[in-house]
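Below is one structure, written out as structure tokens; the observations come after it.
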Amino acid sequence: MDDKQRKLDWRYLRMARIWAENSYCHRRQVGALVVKDKMIISDGYNGTPSGFENVCEDAAGVTKPYVLHAEANAITKLARSSNNSDGATIYITASPCIECAKLIIQAGIRRVVYGEPYRLTDGIDLLRRAGIEVVLMEDGGQGQEG
């Protein structure tokens, strides 16, 4: 990866982190940006569906089953717009789960850049199996290609 692309990746990932601050979830705030041709075409953060109360966890602190992941929010927003994600890059503050990985594949996204690994790797494994470029860029500025 060239230096110019690496710098762009860091900037978009920082923006995804800022976007995650919009989440009302207490356990974890995740942000996602979909970028195509150096333009942000969609964004998302984890939270409840439109029209629901902005409460992600129940009284015991367990995430409610209908909470949407940041990637799912960003991809479904695209369905309501005139944009398409063929060949796009998605920037996510945390690695995607397997359900979001399936959405990423079906959306035609060709590159995934994420900031921190999740304990389960099945989403990343599926993306790699589908031939999607996966890049981990942890804090510290070095990033690892996968």
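When side chains are defined from C-beta on, Val113 does not count as touching Ile90, because their heavy atoms never get closer than 4.5 Å. For the pair Val112 and Glu133, the minimum side-chain heavy-atom distance is 4.5 Å or more. Ile104 places a side-chain heavy atom less than 4.5 Å from the side chain of Ile92. Taking 4.5 Å as the limit, some side-chain heavy atom of Met137 sits within range of a side-chain heavy atom of Arg6. Here the side chains of Thr48 and Lys64 are not in contact, with every heavy-atom distance at 4.5 Å or above. Side-chain contact between Val30 and His69 is absent, with no heavy-atom pair separated by less than 4.5 Å. Counting heavy atoms from C-beta outward, Pro117 and Glu138 have side chains that approach closer than 4.5 Å. Looking at Ile41 and Leu78, their side chains come closer than 4.5 Å, going by heavy atoms from C-beta outward.
Trp10 contributes atom CH2, which lies 15.5 Å from atom CE of Met15 (distance to the nearest 0.5 angstrom). Remark: Arg128 CZ to Ile124 CD1 distance equals 6.0 Å, nearest 0.5 Å. From Leu13, atom CG reaches atom CG of Leu136 across 9.5 Å, with rounding to the nearest 0.5 Å. Between the CG atom in Leu33 and the CE atom in Met39 there is a gap of 13.5 Å [rounded to 0.5 Å]. A distance of 12.0 Å separates OH in Tyr24 from CD in Glu53, rounded to the nearest 0.5 Å. Going from atom CG of Asn73 over to atom CH2 of Trp19 covers 11.0 Å, rounded to the nearest 0.5 Å.
The salt bridge (Lys or Arg N to Asp or Glu O under 4.0 Å) search around Asp86 returns none, not counting sequence neighbours. Scored by the side-chain hydrogen bond (donor to acceptor under 3.5 Å, both in side chains) test, Asp9 finds Gln5, Tyr91, Arg111 as partners (sequence neighbours excluded). Under the disulfide bond (SG atoms under 2.5 Å apart) criterion, Cys97 pairs with no residue, sequence neighbours left out. Residues forming a side-chain hydrogen bond (donor to acceptor under 3.5 Å, both in side chains) with Glu57 (at least two apart in sequence, or on another chain): none. Residues passing the salt bridge (Lys or Arg N to Asp or Glu O under 4.0 Å) test with Arg110, sequence neighbours excluded: none.
Clustering ILVMFWY residues whenever any of their side-chain heavy atoms sit less than 4.5 angstrom apart, transitively, puts Val135 in the very cluster that holds Ile40. Linking ILVMFWY residues whenever their side-chain heavy atoms come closer than 4.5 Å, directly or via other members, places Val34 and Val134 in the same cluster. Under the 4.5 Å side-chain heavy-atom criterion for grouping Ile, Leu, Val, Met, Phe, Trp and Tyr, Tyr114 is connected to Ile98 within one hydrophobic cluster.
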**Q.** salt bridge (charged side-chain N to carboxylate O under 4.0 Å, His left out) between Arg129 and Asp125, intermediate numbers included
**A.** CA-CA 6 Å; Arg129 182 175 170 196; Asp125 297 340; over 6 Å; no
Q: Please test Glu71 against Leu103 for side-chain contact (heavy atoms from CB on, under 4.5 Å), starting from the C-alpha separation and ending with a verdict.
A: CA-CA 8 Å; Glu71 308 93 296; Leu103 291 174; over 6 Å; no
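In plain terms, the two heavy atoms of Lys38 and Tyr12 that are nearest each other are O-OH, 3.2 Å. Contact detail for Ala72 and Cys100: the closest heavy-atom pair is N-SG, 4.2 Å. In terms of heavy-atom proximity, Arg27 sits nearest to Gly61 at CD-O, 2.9 Å. Nearest heavy-atom pair, Ala101 versus Gly123, reported as atom, atom and distance to 0.1 Å: CB-O, 3.4 Å. Closest approach of Gly44 and Ala74 over heavy atoms only: N-CB, 3.8 Å.
Remark: Asp37 CG is loosely packed, at most 12 non-hydrogen atoms of other residues, nucleotides or ligands lying under 6.0 Å away.
Judged by distance alone, with hydrogens and angles left aside, the side-chain atoms of Thr93 form no donor-acceptor pair with the main-chain N or O of Gly115 at under 3.5 Å. Side-chain atoms of Ser42 do not come within 3.5 Å of backbone N or O of Ile75 as any donor-acceptor pair. Between the side chain of Thr89 and the main chain of Val35, no donor-acceptor pair closer than 3.5 Å is present.
For residues 25-58, the pairs satisfying disulfide (SG to SG under 2.5 Å) are Cys25-Cys56, with sequence neighbours left out.
Residues Asn84 and Lys36 have side chains that bring a donor and an acceptor to within less than 3.5 angstrom of each other.
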